[in-house]
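Inspection log for the structure reproduced underneath, given as structure tokens.
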Amino acid sequence: MEIADLVASKVLDVPDFPKPGVLFKDLMPLFADGPAFAASVDAIIAEHGAGSFDVVAGIEARGFVIAAAIAYATGKGVVPVRKAGKLPRKTVSATYALEYGEATLEVHADAFLAGERVLVVDDVLATGGTAEATLELVERAGGSISGFSVLLELSFLEGRSRLAPRPVHALLTV
Ligand code: AMP
């Protein structure tokens with residue numbers, strides 16, 4: 001099966017979560033299916049090539065699952081990009097606007113070696129605000145973005161154009 005079809009077969013649409021009007025894309029069935037999860041991780045690695053990155057950054061929380069699997073499969077390390085207030089040492093932070101209010105993401109200030117090549121991953125690309133803040137954060141912490149992948153892209157929210165000219169890789173675009 002094509003990887004896009006595989007992802008499509010393992011996502012559940014949940015209307016009005018976490019609030020009315022949002023169609024939540026629940027990828028837990030993909031995470032829970034061993035062969036589908038492995039195929040998804042392998043497809044992201046194949047897209048970029050294991051030699052193209054030094055470390056994998058995952059966005060809290062579902063990005064952690066994907067980042068850890070890619071890192072283990074390629075012998076690389078993981079850097080968690082966390083919500084504000086979770087990291088114990090000196091951090092670099094980026095604040096971005098949500099539909100209502102704002103959110104802050106952080107990494108440790110020493111999370112990356114200077115120029116270290118960072119593959120950034122998350123489960124869903126929606127408006128792109130989270131990804132934009134993360135990519136900026138990684139660079140401000142000294143990393144160099146080697147690629148950005150998601151399992152699922154919601155194209156109608158135009159996150160891809162918000163991140164342009166950076167390339168976005170999605171296993172499935174809907
Ligand atoms: P955004 O900043 O709008 O691109 O939102 C991306 C982040 O919010 C990701 O970490 C996703 O896990 C989560 N997210 C946003 N919209 C959805 C959705 N419709 N279904 C599932 N997750 C979503």
Side-chain angles (χ1 to χ4, degrees), residues 2-34 36-37 39-41 43-44 47 56-71 78-88 91-108 111 118-141 145 147-174:
E2 293 282 326
I3 191 70
D5 296 332
L6 185 60
V7 174
S9 74
K10 294 290 173 185
V11 59
L12 293 176
D13 287 355
V14 184
D16 300 319
F17 183 88
K19 58 187 178 193
V22 176
L23 182 62
F24 191 84
K25 296 288 185 176
D26 178 14
L27 283 153
M28 295 302 133
L30 178 66
F31 288 170
D33 183 309
F37 182 57
S40 300
V41 168
I44 294 173
E47 168 71 18
V56 189
I59 304 175
E60 187 164 352
R62 291 180 294 272
F64 294 173
V65 178
I66 306 159
I70 293 171
V78 180
V79 173
V81 175
R82 300 221 58 181
K83 292 174 181 161
K86 304 285 188 183
L87 292 169
T91 60
V92 177
S93 70
T95 297
Y96 61 103
L98 296 176
E99 195 177 348
Y100 299 102
E102 54 185 30
T104 299
L105 292 172
E106 298 181 337
V107 290
H108 275 138
V118 184
L119 173 63
V120 177
V121 295
D122 202 1
D123 63 336
V124 173
L125 177 68
T127 66
T130 305
E132 186 178 40
T134 299
L135 299 178
E136 181 209 317
L137 194 57
V138 168
E139 289 182 335
R140 282 185 22 236
I145 306 295
F148 172 60
S149 280
V150 292
L151 303 176
L152 173 62
E153 171 190 16
L154 299 172
S155 60
F156 73 98
L157 291 171
E158 299 186 346
R160 185 180 286 268
S161 43
R162 181 167 181 168
L163 297 175
R166 299 180 188 282
V168 173
H169 169 238
L171 296 185
L172 171 64
T173 298
V174 297

Is any side-chain heavy atom of V150 less than 4.5 Å from a side-chain heavy atom of V124?
-> no

Could you go step by step and tell me if T104 and S93 meet the side-chain hydrogen bond (donor to acceptor under 3.5 Å, both in side chains) rule?
-> CA-CA 7 Å; T104 299; S93 70; 6.0 Å; no

E60 and K83 have their tightest heavy-atom pair at OE1-N, 2.8 Å

May I have the step-by-step check of side chain to side chain contact (heavy atoms under 4.5 Å, CB included) for E132 and E136, ending in yes or no?
-> CA-CA 6 Å; E132 186 178 40; E136 181 209 317; 5.8 Å; no

Test item: L172 and E153 side chains (from C-beta on) under 4.5 Å apart, heavy atoms | no

Lys/Arg N to Asp/Glu carboxylate O, K25 vs D13, below 4.0 Å = yes

Is R82 paired with E106 through a side-chain N to carboxylate O contact shorter than 4.0 Å?
-> no

Closest non-hydrogen atom pair between V118 and A57, with its separation | CG1-CB, 3.7 Å

Between S155 and T173, is any side-chain donor less than 3.5 angstrom from a side-chain acceptor?
-> no

Of all heavy-atom pairs linking A43 and L171, the shortest is CB-CD2, 3.8 Å

CZ/R166 to CZ/F148 distance, rounded to the nearest 0.5 angstrom?
-> 10.5 Å

4.5 Å side-chain heavy-atom contact, V121 and I59 | no

From CA spacing to verdict: side chain to side chain contact (heavy atoms under 4.5 Å, CB included), I145, V138 | CA-CA 7 Å; I145 306 295; V138 168; 3.5 Å; yes

Any side-chain heavy-atom pair from L125 and L163 closer than 4.5 angstrom?
-> yes

Side-chain contact, heavy-atom cut-off 4.5 Å: L119 with I70?
-> yes

Which atom pair, heavy atoms only, marks the closest approach of L30 to S40?
-> CD1-OG, 3.6 Å

Minimum side-chain heavy-atom gap P88-H108 below 4.5 Å | yes

Return the minimal non-hydrogen interatomic distance between V168 and R160, and the atom names on each side.
-> O-NH1, 2.9 Å

Flag side-chain contact, heavy atom, 4.5 Å: V81 against L137 | yes

Close side-chain approach of I66 to D123, heavy-atom, < 4.5 Å = yes

Check A94 against A133 and note the closest heavy-atom contact, atom names and distance.
-> CB-O, 3.8 Å

If you measure from the Lys or Arg side-chain nitrogens to the Asp or Glu carboxylate oxygens, is any gap between E158 and R162 under 4.0 Å?
-> no

Taking F37 as the fixed residue, which of L27, V65, L151 is the one that meets the side-chain contact (heavy atoms from CB on, under 4.5 Å) rule?
-> V65

Would you indicate whether K19, at its atom NZ, is surrounded by more than 12 heavy atoms from other residues, nucleotides or ligands within a distance under 6.0 Å?
-> yes

For Y96, the option from T134, T127, T130 that meets side chain to side chain donor-acceptor pair (under 3.5 Å) = T130

Taking it one step at a time, do F31 and K10 satisfy side chain to side chain contact (heavy atoms under 4.5 Å, CB included)?
-> CA-CA 9 Å; F31 288 170; K10 294 290 173 185; over 6 Å; no

